[in-house]
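Each chain gets a letter, A, B and so on, in the order its sequence line appears, and its residues count up from 1.
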2 protein chains.
Amino acid sequence: MRTSSEEDYLKAIYALSNNSDGASTNALANHLNMKASSITDMLKKLSDKGWVHYEKYKGASLNIDGKAIALNIVRKHRLWETFLVNKLNFKWDEVHEIAEQLEHIKSNELVDRLDDFLGNPTFDPHGDPIPNKDHEITDSRKRSYLSEVKINREVIIIGVKDSSAQLLQYLEKENMVLGKHISVLEIHDFDKSLRIAINGKELNISERVAQNVLVQIN
Amino acid sequence: MRTSSEEDYLKAIYALSNNSDGASTNALANHLNMKASSITDMLKKLSDKGWVHYEKYKGASLNIDGKAIALNIVRKHRLWETFLVNKLNFKWDEVHEIAEQLEHIKSNELVDRLDDFLGNPTFDPHGDPIPNKDHEITDSRKRSYLSEVKINREVIIIGVKDSSAQLLQYLEKENMVLGKHISVLEIHDFDKSLRIAINGKELNISERVAQNVLVQIN
DNA sequence: AAAATTATTTAGTTTTGCCTAAATATAAGT
DNA sequence: ACTTATATTTAGGCAAAACTAAATAATTTT
Ligand SMILES: [Mn+2]
Ligand SMILES: [Mn+2]
Ligand SMILES: [Mn+2]
Ligand SMILES: [Mn+2]
């Protein structure tokens, strides 16, 4: 048996394990809005359960079982988000909180049927890849942040780095949604802000925004 | 704020409050598979929160706020069951457990959109009425248990008293599903078992089964 | 009406998941 | 290298939601 809380910790460790080094206590505390001491407690428990490799003062990383659980939660989160947007007409900035709850519903049958009902989607409403039944993520697209794209190279918006409601609403307003084609026309020396071409128009965006938009390089 | 546990208690009190008298401690303990002492603890808390009227040794009943919460949970439970059966092709005996979890997802927007997505259904897969947004149940059908129907009176199956998987699977196998027309041909003196006409055939069922099948009398 | 049975409450305990405050380890600055 | 700052752990505590065992109230039987 597994609690929702344990699942959220495993998901957080997965999210914060970038290269191959794990996640630090403080990074987890920050990510989960908790105190560091609570993290230490839980890491010990997760280690006892055999889901996490934990050494004092050296942070935590997922072992095989833990990673499978984390990816299963991520899969459920992204499938539910897809359901909420595609079937219930929620906007992409409204679904995270609800999926945060739905991801903990226990029923393998439910996940698989939901997956089929949605047409086995490969990406969620924020462009994040959805792991398959075997917890595998396949995303072969060449990706880059918009802030790092060369001048006059046409790229396609495929995701966001941070999916906070603020950013998503801003992008929505400027019609910078998934699938749109963009060219960077100019990068201003002064503040690194970008002038881009999109939807047949021109538009200025800040470096900060560009750093949070993921694009596919053809 | 409200916990899932509190919600389950309120729902149980609602389910066990038949006429106007509330639910007893032991009845609740039995219904929720808990010990009586746990019930007493929670009834005090729910009373403090103003959702339940509780007097020592006299059981508990819902007050206005408590009833609204209970009906909201029932609404969500039945809408999710409808979703699982109508959209994800679950069988009617497979959905209760999952709905027991889904009913606690917090988002008014979600419930309303789900309701619309399902076409504002009025009954769930077991024939139970679904409360509307204002927590009102309207079910004007004349109902009776099949065990009390007079000989040769044609009735329609509209629900079950107990929706355990065992009963549901039995009914499924005999094709005694919602909407079917039935006539009671004979009641055997010996064991009160019934001979009924259904689907153009004749069939014997026990008194026990008949006591758990709800029918509409035209 | 008294005794026996059943229902309910009280008292005390456990586990989970969080917290604060204090202690200690690690990393950074001079 | 020594001092300061930051990160992490330890110790102790708290609230929620369950439990067991014992006490008491209510109901039923004789
Ligand atoms: Mn979550
Ligand atoms: Mn997402
Ligand atoms: Mn429930
Ligand atoms: Mn039902």
Just call it for B:T25: base, sugar-phosphate, or nothing, with non-hydrogen atoms closer than 4.0 Å on any strand. sugar-phosphate
In whole angstrom, give the distance that lies between atom NZ of A:K35 and atom P of C:dA21. 10 Å
Would you mind reporting whether B:K35 and B:S38 have side-chain heavy atoms less than 4.5 Å apart? yes
Between D:dC19, C:dC18, C:dA25, spot the one nearest the side chain of B:D41, thanks. D:dC19
Interatomic distance, B:E55 CD vs C:dA7 P [rounded to whole Å]: 20 Å
Could you check how far CD1 of A:I39 sits from P of D:dA7, rounded to whole Å? 14 Å
Rounded to whole Å, please give me the gap between CE in B:M42 and P in C:dT10. 16 Å
Tell me which nucleotide among C:dT8, C:dT9, C:dC19 gets nearest to the side chain of B:T40. C:dT9
Give the rounded distance in Å between these two atoms: CG of A:N33 and C1' of C:dC18. 13 Å
State, to 0.1 Å, how close B:P129 and B:P131 come at their nearest heavy-atom pair, and which atoms those are. O-CD, 3.6 Å
Can you measure B:N26 atom CG to C:dA7 atom P for me and round it to whole angstrom units? 5 Å
Regarding the side chain of B:M34, the nearest nucleotide among C:dT9, D:dT9, D:dA18 is D:dA18
Determine: side-chain N/O of A:Y54 to OP1/OP2 of D:dT9, distance under 4.0 Å, yes or no. yes
Close approaches to DNA chain C from residues 1-14 of chain B, in residue order (heavy atom, under 4.0 Å): none
All heavy atoms of B:N204 vs all of B:H188, minimum pair found to be OD1-CE1, 3.5 Å
Separation of D:dA18 P from B:L43 CG (nearest whole Å): 12 Å
Look at A:R113 together with A:E109 and state whether they make a salt bridge at an N to O cut-off of under 4.0 Å. yes
A:K58 near the nucleic acid: base, sugar-phosphate alone, or nothing, with a heavy-atom cut-off under 4.0 Å? nothing
Closest approach to the side chain of A:S37, judged atom by atom: which nucleotide of C:dT8, C:dT20, D:dA18 is it? C:dT20
In terms of relative ring orientation, are A:F117 and B:F117 parallel, tilted or perpendicular, with 30° and 60° separating the classes? perpendicular
From CG of B:L28 over to P of C:dT9, roughly how many Å is that when rounded to an integer? 10 Å
Are B:E7 and B:R2 within salt-bridge range, i.e. N to O under 4.0 Å? yes
Quickly, which of A:D124, A:D112, A:D128 forms a salt bridge (charged side-chain N to carboxylate O under 4.0 Å, His left out) with A:R75? Name it, please. A:D112
